[in-house]
Amino acid sequence: MNERLAAKFEEIGQMLELLGANKFRVIAHEKAARVIRDLPGDVGELASDRERLLALDGIGAKQADKIAEFVETGDIGEHAELRAKVPAGLLDVLSVPGVGPKTVKAMWEQLGVTDLASLQRALDDGSVTQLPRMGAKSVERIKASLKFLESGGSRLPIGVAMPVAERLVAMLREVEGVAQAEFAGSLRRGVETIGDIDILACVENDEAAARAHKALREGVVDVVGSGETKTSVRVSLERNFGRWKGHEEATGPTVQVDLRTVPGESFGAALMYFTGSKAHNVALRERAQKQKLTLNEYGLFPDDGKSEGSPQSRGVKPVAGKTEGEIYKKLGVAVVPPELREDRGELDADLPGVIELEDIKAELHAHTTESDGEMALAELVRRAHERGFHTIAVTDHSKSATVANGLSPERLKKQRAEIERLHEQLDADGVEIDVLCGSEVDILADGSLDYDDDVLAALDFIVASPHAALSQDTKTATKRLLRAIEHPLVHVIGHPTGRLIGRRAGLEPAMGELFAAAKEHDVALEINAHWMRLDLRDTHVRAAGEAGVKIAIDCDVHAPADFDNLRYGVLTARRGWLPKDLCVNAMTRAQLRAWVRSKRS
DNA sequence: GCCGTTTTCGGCCCGACTGTTTTCAGTCG
């Protein structure tokens, strides 16, 4: 519901813009869309309470009316009225990179462009050049953008982009005269998908900058543009895990990488600026303004009473800029970790100490060769121990998961015996790790579990997950998951919605009801750390945390490298403001044992 | 259309780049 309503608001804003409405009215709708999209719970649960709607930053009387109207009727009258005036395909045209509202409006009014197809025709027959300021280069740029969109110019999962960025950052740090290099943008904020990779390098002088830009240009698929302070290239994703060298033609998917070089005195300001989010930056700048300061990507500047050009061009000395920390400090707010910079109240909140990667001491969702994992039991346990974990839960699939070689109750018994033998061996070797004999039990379509209670009761640990029937309606899905949460033997609900990022929406249960039930029954909800899942998502985690629900961050380990996905789970947890004390994987061994056994008394 | 440590009216972040201009509009982040 949140997503659908947010899209409505976004479209209202875009249509208003194409009709030439006041730009601040447009911005107000964009902001409302973002606020609704970021809403922790379902907007439907909120809509009846007008006071709470109005309390949201950016929602006034008119927007509150529209929200209530949408929740009640499933549509917004204003949206329908605008839709009658603005062709639907124009919004697709607006999404073409490099084509903004002014251009779309002119194309529509003067050339009759109403969708991508008619845009393509206007480009091909040259009629677009009739428009003012539309020359040959602009036409080529738009054509290239259209091609990019056709080739699936969609956002990359964070797990695909991150290794590329880290490889390039490491390479840049080796360049002589480069004091620091960091990736910024949505990647640094830990967003689940990213559009391009922004890298910032702090250089000692112009020569060092030139070396850095040259280093990035060498051995990449395509150089989009290169100047003294900015270079844009496209990097092949397929050589992602191989050697970073060579000029051979790559035909596969690529990602755009932008490198900017900045001097040390403004590195912090630039890093902050390029990390965003844009909304966070705007909020910070408004705050600076109230304190008679100007914040830009060069630093934080005092007001000198002039307004000609930028402060740095007037020779004004910045009061901060070298580091992000000193800028936040001068503005009188707590240093905000990158993952929280979304203008979701982080500047006014008493920020909690959010969880960190090092806090995780247990993996509670792992598969072996008994079902669909790649590692035998002993190897799984050894690798968990090498990671410094005090506990590993062995949770192979249950019997209905036939494609994943789910275990029958008989095989489960055998596995239990094997784990007991392993425990004896570990004791003898002096290896301290708790190996929990568990299962990832299917939550069947009606909410019942895939093993009988006597089978479940014989296990130490139960992760219950939905795997099939992932298109159920909200009511059915809510009932299904509530039934699993209420089951007295269940510890964790694994990947609660079953979504796959960019591929499958998954279930859309009433999250507020799930959180209340999870809290009541002391069941943890999982953040599945695989970058294709990240389920729960960040906004869910925020609401769950506020409701006091326990959260598990699990890698759903199938292969050795899956342990490395933990970082994405932790990034998502941090985006959800998760404090360490709500995360079951961050418990001490004794705390975890106590919680695990509490379900078996 | 929203909002208030000057304000219930009059503001609403800041700068760079690009291509097209002959001083700047449009787009982006």
Side-chain angles (χ1 to χ4, degrees), chain A residues 9 12-13 16-17 21-35 53-67 78 93-107 128-129 131-142 144-145 184-189 191 194-198 200 224-232 256 258 260 262 266 269-301 303 307-314 331-332 341 343:
Chain A
F9 270 96
I12 290 174
L16 284 170
E17 192 163 32
N22 176 295
K23 67 172 175 170
F24 295 106
R25 225 179 123 200
V26 174
I27 291 171
H29 282 89
E30 287 170 355
K31 173 150 192 180
R34 188 172 56 77
V35 168
L53 278 181
L54 290 172
L56 295 171
D57 186 40
I59 305 295
K62 292 215 173 108
Q63 310 288 44
D65 287 344
K66 288 180 220 172
I67 292 171
E78 184 184 3
V93 177
L94 193 56
S95 72
V96 177
V99 180
K102 297 280 167 60
T103 311
V104 174
K105 190 163 188 282
M107 286 174 170
V128 283
T129 54
L131 299 178
R133 312 186 75 87
M134 186 63 69
K137 283 199 174 177
S138 298
V139 172
E140 283 315 305
R141 208 160 44 96
I142 296 170
S145 292
S186 50
L187 191 58
R188 183 160 177 249
R189 300 201 312 280
V191 179
I194 65 115
D196 56 15
I197 297 173
D198 290 311
L200 211 60
V224 181
S226 190
E228 286 177 17
T229 62
K230 180 181 171 184
T231 291
S232 297
Q256 176 154 336
D258 293 340
R260 288 160 221 268
V262 295
S266 56
L271 187 57
M272 177 183 268
Y273 171 75
F274 287 111
T275 297
S277 68
K278 188 179 171 183
H280 177 82
N281 286 347
V282 168
L284 271 180
R285 286 171 180 193
E286 284 172 347
R287 192 156 297 231
Q289 221 180 21
K290 282 178 190 157
Q291 299 172 34
K292 303 235 178 288
L293 295 163
T294 300
L295 176 63
N296 62 30
E297 57 266 51
Y298 297 94
L300 184 63
F301 297 88
D303 191 353
S307 59
E308 285 295 300
S310 53
Q312 68 275 10
S313 67
R314 296 195 298 269
L331 287 171
R341 299 180 194 171
D343 191 28

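Numbered from 1 within each chain, the chains take letters A, B, ... in sequence-line order. The structure displayed is predicted, hence computed values, not measured ones.
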- Item | A:Gln63 and A:Asp65 side chains, donor-acceptor separation under 3.5 Å | no
- Query: Taking atom types as modelled, is there a side-chain donor on A:Arg341 or A:Ser277 under 3.5 Å from an acceptor on the other?
  - Reply: no
- Query: OP1 or OP2 of B:dC13 less than 4.0 angstrom from a side-chain nitrogen or oxygen of A:Asn281, does that happen here?
  - Reply: no
- Looking only at heavy atoms, what is the nearest atom pair of A:Ala184 and A:Leu271, with distance? CB-CD1, 4.1 Å
Pairwise [atom1] distance for [N] and [M], with rounding to whole Å:
{"N": "B:dT20", "M": "B:dC14", "atom1": "C1'", "result": "23 Å"}
{"N": "B:dT8", "M": "B:dC12", "atom1": "P", "result": "16 Å"}
{"N": "B:dC2", "M": "B:dT7", "atom1": "P", "result": "22 Å"}
{"N": "B:dT6", "M": "B:dA16", "atom1": "P", "result": "29 Å"}
{"N": "B:dT21", "M": "B:dG11", "atom1": "C1'", "result": "32 Å"}

What protein N or O atoms touch nucleotides 2-11 of chain B N or O atoms at under 3.5 angstrom, if any, and at what distances?
unit_1, atom_1, unit_2, atom_2, d
B:dC2, OP1, A:Gly60, N, 2.8
B:dC2, OP1, A:Gly60, O, 3.4
B:dC2, OP1, A:Gln63, N, 3.2
B:dC3, OP1, A:Gly58, N, 2.8

- Task: Would you please name every residue forming a side chain to side chain donor-acceptor pair (under 3.5 Å) with A:Gln312, sequence neighbours left out?
- Result: A:Asn296, A:Ser310
- Message: Run the side chain to side chain donor-acceptor pair (under 3.5 Å) test against A:Arg133 and tell me which residues pass, sequence neighbours left out.
- Response: none
Nearest whole angstrom, please: distance from the [atom2] of [N] to the [atom1] of [X].
{"X": "A:Glu228", "N": "B:dC17", "atom1": "CD", "atom2": "C1'", "value": "14 Å"}
{"X": "A:Glu30", "N": "B:dC13", "atom1": "CD", "atom2": "P", "value": "13 Å"}
{"X": "A:Lys230", "N": "B:dA16", "atom1": "NZ", "atom2": "P", "value": "13 Å"}
{"X": "A:Leu300", "N": "B:dC14", "atom1": "CG", "atom2": "P", "value": "11 Å"}
{"X": "A:Leu331", "N": "B:dC14", "atom1": "CG", "atom2": "P", "value": "12 Å"}
{"X": "A:Leu293", "N": "B:dC13", "atom1": "CG", "atom2": "P", "value": "16 Å"}

- For B:dA16, the Watson-Crick or wobble counterpart (both distances under 3.5 Å): B:dT27
- By side-chain contact (heavy atoms from CB on, under 4.5 Å), which residues pair with A:Ala55, not counting sequence neighbours? none
- Sequence neighbours left out, what passes side-chain contact (heavy atoms from CB on, under 4.5 Å) with A:Val26? Give chain and number order. A:Leu16, A:Glu17, A:Glu30
- Message: One character per nucleotide, please: for nucleotides 19-29 of chain B, 5' to 3', B when the base has a protein heavy atom closer than 4.0 Å, S when only the sugar-phosphate does, - otherwise.
- Response: BB---BBSSSB
- Item | Minimum side-chain heavy-atom gap A:Gln289-A:Thr294 below 4.5 Å | no
- Check whether any side-chain heavy atom of A:Lys102 lies under 4.5 Å from a side-chain heavy atom of A:Lys105, and answer yes or no. no
- Message: So A:Ile27, base contact, sugar-phosphate only, or nothing? Heavy-atom distance under 4.0 Å.
- Response: nothing
